[in-house]
2 protein chains.
Amino acid sequence: MTDVLESPLTRKLQVFVALSEVELGVLKRLHLRRRSFAAGRDLVHQGQSDQAAYILAAGWVCSYKLQPDGTRQIVDFQIPGDFLGLRSVLLRTSDHSFEPVTDIQAAEVFADDLLEAFEKTPRLAAAILWAASRDEAMVVEHLVGVGRRAADARMAHFLLELGARLKLVGMGSKKGYACPLTQYHLADALGLSAVHVNRVLRQLRESGLLTFRDGRVTFDKYDGLVELSEFDPAYLDQTGPLLK
Amino acid sequence: MTDVLESPLTRKLQVFVALSEVELGVLKRLHLRRRSFAAGRDLVHQGQSDQAAYILAAGWVCSYKLQPDGTRQIVDFQIPGDFLGLRSVLLRTSDHSFEPVTDIQAAEVFADDLLEAFEKTPRLAAAILWAASRDEAMVVEHLVGVGRRAADARMAHFLLELGARLKLVGMGSKKGYACPLTQYHLADALGLSAVHVNRVLRQLRESGLLTFRDGRVTFDKYDGLVELSEFDPAYLDQTGPLLK
DNA sequence: ATGCTGGGCTAACCGAAAGCAGTCTCCGCA
DNA sequence: TGCGGAGACTGCTTTCGGTTAGCCCAGCAT
């Protein structure tokens, strides 16, 4: 990447806050330490402390919590432009693990650099915390889904949400998107068994709503999905309120 | 309240950050606008915008999301010392509702006052965001529970967590605590039906683990509960890392 | 060629929890 | 003093989703 303007993070933040030259400069400095990681090899393990944070540039990651009984709950997926482990930096401890779903590219950010950037450019800090708040709202939405939605609505809601997020960084549309997740990932995220995920996907396919195939999600009947899952994207596309 | 030092919030923040005179002064100013609300009457409705935040002084509140189909998912309970609607202030919009479980006392905080306080005393801001992060960790833990734990373990984990939080503000111990929640609240929080909550409680009582009765939770066999629910309080009692 | 692995897919069976329907008790109040 | 509502509690039936136990296919290593 030659220009910070091409970074998905910059792109996302610009939606909320018009960033100044200085702020872009700081943001650029945060992008310097570029690293790659292979799919399936955890970046951070639960319980580790003093970790760096990452800005995801390419590829997908999931954050999850491992249960003592071996099952896991995926808390969220990160796509390009998302922060990884912001909380573990602020709290100096990590309470969940990160696994790259695909091979990924990420910029490593040390706690000190981040805190310094926050100090120098509070507007940037606000923008980043804004994004973090949005992520938290997503976790809440996720909780509602797992607690109160039937399996099919849960699946539809999840895939729609992912689509909306991808659209924000130019990686998807109302037609569908490329999706590297396996049915096991879906199961771990939605609190279902892999077998049931398969059943639900078949059901959705047969009722002409969506197709999940060959690493691609296709929305065959977008409106029908929205209705089934009662999807309301309000919590995703609030336009930046804190600063103009 | 004559002295800000008696506020449960101050008490909680002091655990993490030693607050200066100036910071205590700012915190005191935030506590000035004292208000009362009656049980069962929502403070904030989903979708309202430009809301104030509250610092809870006495009583219990739950935050929840309403589904279009009428069911609700309780996201979290707030107890004295907790912030209410911090996010809705930062994002200028509220995506969930708050219902007092009991009659409550709370200090109302307007967005501008809060932002001004953050600007004047960044350490205070850090401490409050620290607490917010802890709350988010709790939501995540909650998600894991709803997604991956069986009903009995989920119940046990939830009641243990609540106990641990109450202990932090001096309202509970390993023996148990006063708990104004109805079985309906538990159902809405745990993603179960009220009927099933009742069955699970009976089961826990009959196996001599805990008793939920007459507004009181009694841990009859604390260790047994910890084992059943695989409760690990690490995410609650991290000692303040950001600032010393 | 063979076998192995990972991902997707399916059927048969079974159990946990929901839904429904109703009782009991306590309490406020007309 | 008798009614009505809230909350706790229970039995019966239904259903959603988990478990077990496979099969198929593609890629790849031997």
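The structure presented is a predicted model; accordingly, all values stated were derived computationally and were not measured. Order of the sequence lines sets the chain letters (A, B, ...), proteins ahead of strands, with each chain counted from 1.
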Query raised in the report: Side chains of Ile79(B) and Met171(B): does their closest heavy-atom pair fall under 4.5 Å?
Result: no

Rounded to whole Å, CZ of Arg148(B) lies from P of dG17(D) at a distance of 13 Å

Between CG of Leu186(B) and C1' of dA8(D) the distance, given in whole Å, is 12 Å

Leu181(B) CG to dA8(D) C1', in whole Å, measures 15 Å

Rounded to whole Å, CD of Gln183(A) lies from C1' of dC9(C) at a distance of 7 Å

Arg149(B) CZ to dA16(C) C1', in whole Å, measures 18 Å

Taking dC9(D), dG17(D), dG7(D) as options, the one with an atom nearest any side-chain atom of Arg205(B) is dC9(D)

Applying salt bridge (Lys or Arg N to Asp or Glu O under 4.0 Å) to Asp76(B) and not counting sequence neighbours gives Arg165(B)

Result for side-chain contact (heavy atoms from CB on, under 4.5 Å) between Tyr54(A) and one of Leu84(A), Asp82(A), Val109(A) points to Leu84(A)

side-chain contact (heavy atoms from CB on, under 4.5 Å) filter on Gln183(A), not counting sequence neighbours, yields Val197(A), Asn198(A), Leu201(A), Phe212(A)

Please set out all donor-acceptor pairs under 3.5 angstrom arising from side-chain atoms of residues 213-225 of chain B, sequence neighbours excluded.
residue: Asp220(B); atom: OD2; partner: Thr211(B); partner atom: N; Å: 3.4
residue: Asp220(B); atom: OD2; partner: Thr211(B); partner atom: OG1; Å: 2.6

By side-chain contact (heavy atoms from CB on, under 4.5 Å), Ser207(A) pairs with (sequence neighbours left out) Leu209(A)

Please tabulate, one pair per line, each protein N/O and nucleotide N/O from nucleotides 22-26 of chain C that are separated by under 3.5 Å, including the distance.
none

For Arg72(A), the salt bridge (Lys or Arg N to Asp or Glu O under 4.0 Å) test, sequence neighbours excluded, returns Glu99(A), Asp188(A)

Sequence neighbours excluded, the answer for salt bridge (Lys or Arg N to Asp or Glu O under 4.0 Å) partners of Glu108(B) is Arg35(B)

Ranking dG7(C), dT10(D), dG7(D) by distance to the side chain of Arg202(B), first place goes to dT10(D)

When rounded to whole Å, the CD to P distance for the pair Glu206(B) and dA8(D) reads 17 Å

The side-chain contact (heavy atoms from CB on, under 4.5 Å) partners of Asp69(A) (sequence neighbours excluded) come to Gln67(A), Thr71(A), Glu230(B)

Whole-Å distance, Gln203(A) CD to dT15(D) C1', equals 13 Å

The correct set of residues in residues 187-201 of chain A placing a heavy atom under 4.0 Å from DNA chain D is Gly191(A), Leu192(A), Ser193(A), Val195(A), His196(A), Arg199(A)

From OH of Tyr184(B) across to C1' of dA6(D) the rounded distance in Å is 8 Å

